[in-house]
Amino acid sequence: MKKDNDNLIAIEGKSFAVRCIRLYQRLTDNKKEFVLCKQLLRSGTSIGANVKEALRGQSKADFGAKMNIALKRGM
């Protein structure tokens, strides 16, 4: 079984989540909009969680369903 760090989608998802977290920190430090910042944090980090779940899917259909969820979050 491949590790998460061998999967380009998992790597990019994690990178995106880290960038979202840094942006959230920067905006909240500058006392900018808090409601949108919280939504950015939730949405940005959920992509990686969905990709990780997909990689551990029980079937091809399960994998596809979870990757579709991750795709929707990234749009």
Side-chain angles (χ1 to χ4, degrees):
M1 185 172 172
K2 285 188 171 186
K3 297 178 183 176
D4 291 348
N5 56 3
D6 292 340
N7 187 299
L8 181 61
I9 296 171
I11 292 167
E12 291 298 321
K14 183 176 181 180
S15 175
F16 180 72
V18 169
R19 290 194 326 262
C20 287
I21 291 167
R22 288 184 182 145
L23 178 59
Y24 170 82
Q25 290 171 332
R26 188 171 182 182
L27 290 173
T28 55
D29 286 347
N30 292 332
K31 307 290 189 230
K32 299 291 182 192
E33 177 63 50
F34 289 106
V35 175
L36 292 177
C37 290
K38 288 180 183 178
Q39 182 59 41
L40 169 72
L41 185 64
R42 285 191 301 269
S43 297
T45 55
S46 72
I47 296 169
N50 285 312
V51 168
K52 196 167 193 171
E53 277 191 47
L55 293 174
R56 289 170 172 71
Q58 296 177 356
S59 65
K60 287 184 180 182
D62 190 31
F63 171 82
K66 289 187 170 73
M67 287 300 276
N68 251 341
I69 293 169
L71 176 63
K72 288 178 190 177
R73 301 276 187 217
M75 296 181 119

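What you see is a predicted model; the values in this text were computed from it and never measured.
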Enter the distance from Ser46:OG to Ile69:CD1 here, rounded to the nearest 0.5 Å. 10.0 Å

Can you check whether Ile11's main-chain N or O pairs, donor with acceptor, with Ser15's side chain at less than 3.5 Å? no

Please name the pair of heavy atoms, one in Tyr24 and one in Leu40, separated by the smallest distance, quoted to 0.1 Å.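 Closest approach of Tyr24 to Leu40, heavy atoms only: N-CD2, 4.4 Å.
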
Side chain to side chain donor-acceptor pair (under 3.5 Å) against Gln25, all qualifying residues, sequence neighbours excluded: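 Testing Gln25 for side chain to side chain donor-acceptor pair (under 3.5 Å), a comparison that skips the adjacent residues, returns none.
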
Tell me which pairs pass salt bridge (charged side-chain N to carboxylate O under 4.0 Å, His left out) where either residue lies in residues 36-50, with sequence neighbours left out. none

Could you measure the distance from the CG atom of Leu27 to the CG atom of Leu41? Nearest 0.5 Å is fine.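 Taking CG in Leu27 and CG in Leu41, the distance rounds to 11.0 Å.
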
Side-chain contact, heavy-atom cut-off 4.5 Å: Phe16 with Cys20? yes

Those residues that, when tested against Ile9, pass side-chain contact (heavy atoms from CB on, under 4.5 Å) (two or more places apart):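 Result, side-chain contact (heavy atoms from CB on, under 4.5 Å) vs Ile9: Asn7, Val51, Met67.
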
Listed partners of Lys66 passing side chain to side chain donor-acceptor pair (under 3.5 Å), at least two apart: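 Result, side chain to side chain donor-acceptor pair (under 3.5 Å) vs Lys66: Asp62.
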
